[in-house]
Amino acid sequence: MSTNINPRLTQVFRFVRCSYADGVAELVYAFDHGEELIERVRFPHAPALPSSHQAAFDQALKLLHLIAGVSYYKAGVPPRIDVADGPLDDATANLLDELYLHGLAEFAYRNGLDLRGRINFPRLGAGSEKASSRGGSTQPEAKALGLPHRTLVPIGGGKDSLVAVEAIKSIGGEATAVWVGNSPLIAACAERTGLPTLNIQRELAPGLFELNRLGAWNGHIPVTAVNSAILAVAAILYGFDSIAFANERSASAATLEYEGQQVNHQWSKGYAFERLLGDWLHQHVASDLDYFSLLRPFSELAVTRAFAKLTPYFDVFSSCNRNFKILGPKPADRWCGQCPKCHFVFLALAPFLPKPRLLSIFGRNLLDDENLAPGFDALLEYQDHKPFECVGEGAEARAAMYALSQRSEWQEDALVARFIREILSQLDVKELALEPWLQPSTEQRIAKRVLPALAFFA
């Protein structure tokens, strides 16, 4: 960027344009009349798009432009949003208003900002011929495109997506493992699945890093929403009728409440966003394109129990977030042992794996290290709130720890002994049972074609 611009002082965030050619989508943004921020998303070996799919593709691309903008909007959070193509129908504006408000709630909390009332995507007036009723409820569904019965399964390198892959494989479903970015760890997991693979590249606008240098606001964005929008484009481009994420029901639980607002680190992995985007795709893109989470009925503990049987993945998976940072050092092995994800996965696996097997995965016993007590306390929501990470609910963690406290091979480990000695007496034992966490809920929107895969969890 040649013009120095303090993003926090800008007045307008502009969605300038988006385009697609030869497997590359260009998404263009700007603050005020500053230089353009150009993001590129590269779809490898992209086939020619059938003319019958062009309108659906254009809608999906437009939504990707609008959703991916969250990475740039947050640099300045100016009071006005401008969409060059003109105002949006209610269903689209509602989706974006909700995503930017709740998906940036953690960012706002950490930066001392209040975004309520500030995020207003321009929408068509009630008198407009194109305007739909609130929420888009009267808008007719888009037509069916006759998409092939194939599933895109996003791979994240951790246990959840690998469980989803094996569940779909168990019913003989045709699927492709897909991921966005350059992670060798994710690539190794995807290869281990034995599925065809698709690796899409997202290149953030270089100007964003310059804005950060000039004092931009920074923090967590709802990256699952961005990846979901990328995969909606990919589904139309390559021909898939379903996108099956691996977000369990725990993802819908808020991390904390702050000044009357729920703050959920995982909001775009939660059920509210899944419904919004799934309905939007049916209305605007294709009635036969299904977006859902295959693991939605299950708790983290239920998913972890299923993963405990998938021994071929034990030497390649990792949920440690330090592996996936854009900048900064990576752990020498797959588990740093210090972050909330390492702590939670260790604790959640412990009730379901022989202790020596678990220690061989992590290379150490995290529950026998007194220095890690504050991290595990946060997971238990003991004297602290749940970490801002993709971890299970505090009640789940307490149930797992209680289960270990009843087993002789764990009772003498430092943090289990401390739980027995200091924490257990403050809890209601009737609320610590593991079994209820292993029962599925009925809340899900899984495509009928894929529903038989739930038998994998029985």
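Fair warning: this is a prediction, and the values are worked out from it, not measured in the lab. FYI, the numbering just counts along the sequence from 1.
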Trainee: Where the side chain of D32 meets the backbone of Q11, is there a donor-acceptor pair that is under 3.5 Å apart?
Mentor: yes
Trainee: Okay, side chain of Q444, backbone of I446: is any donor-acceptor separation there less than 3.5 Å?
Mentor: yes
Trainee: Please say which of V165, N199, V178, T176 ends up in a side-chain contact (heavy atoms from CB on, under 4.5 Å) with I155.
Mentor: V165
Trainee: Do Q262 and E257 have side-chain atoms, one donor and one acceptor, less than 3.5 Å apart?
Mentor: yes
Trainee: Would you mind telling me which of H282, R445, R449 makes a side chain to side chain donor-acceptor pair (under 3.5 Å) with D290?
Mentor: H282
Trainee: Say whether, by atom type as modelled, one donor and one acceptor occur between the side chain of E98 and the main chain of L95 under 3.5 angstrom.
Mentor: no
Trainee: Looking at the rings of F245 and F292, which for Trp means the six-membered one, are their centres under 6.0 Å apart?
Mentor: no
Trainee: Can you tell me if N6 uses its side chain to pair, donor with acceptor, with the backbone of R8 under 3.5 Å?
Mentor: yes
Trainee: Looking at F457, F314, F298, which one forms a ring-ring contact (aromatic ring centres under 6.0 Å, His included) with F307?
Mentor: F314
Trainee: Relative to each other, are the rings of F43 and Y238 parallel, tilted or perpendicular (30° and 60° limits)?
Mentor: tilted
Trainee: Mind checking ring-ring contact (aromatic ring centres under 6.0 Å, His included) for F121 and listing every partner two or more places apart, or none if nothing turns up?
Mentor: F15, Y100
Trainee: Step through it carefully: locate the ring centre of H65, locate the ring centre of Y29, and say whether they are under 6.0 Å apart.
Mentor: yes
Trainee: Would you confirm whether H53, through its side chain, and L49, through its main-chain N or O, come within 3.5 Å as a donor-acceptor pair?
Mentor: no
Trainee: Whether the side chain of S299 engages the backbone of W437 through a donor-acceptor N/O pair (distance < 3.5 Å, no angle test) should be reported.
Mentor: yes
Trainee: Whether the side chain of N264 engages the backbone of A251 through a donor-acceptor N/O pair (distance < 3.5 Å, no angle test) should be reported.
Mentor: yes
Trainee: Ignoring hydrogens and geometry, is there a side-chain-to-backbone donor-acceptor pair from R192 to P312 under 3.5 Å?
Mentor: yes
Trainee: Could you check whether atom NZ of K143 has more than 12 heavy atoms from other residues, nucleotides or ligands sitting under 6.0 Å from it?
Mentor: no
Trainee: Just to verify, which of E389, E106, E248 counts as forming a side-chain contact (heavy atoms from CB on, under 4.5 Å) with Q266?
Mentor: E248
Trainee: Is there a donor-acceptor pair closer than 3.5 Å between any side-chain N or O of T151 and the backbone N or O of V153?
Mentor: no
Trainee: Does the ring center of Y20 lie less than 6.0 Å from the ring center of F57?
Mentor: yes
Trainee: Checking the side chain of S252 only, and the main-chain atoms of Y271 only, is there a donor and an acceptor separated by less than 3.5 Å?
Mentor: yes
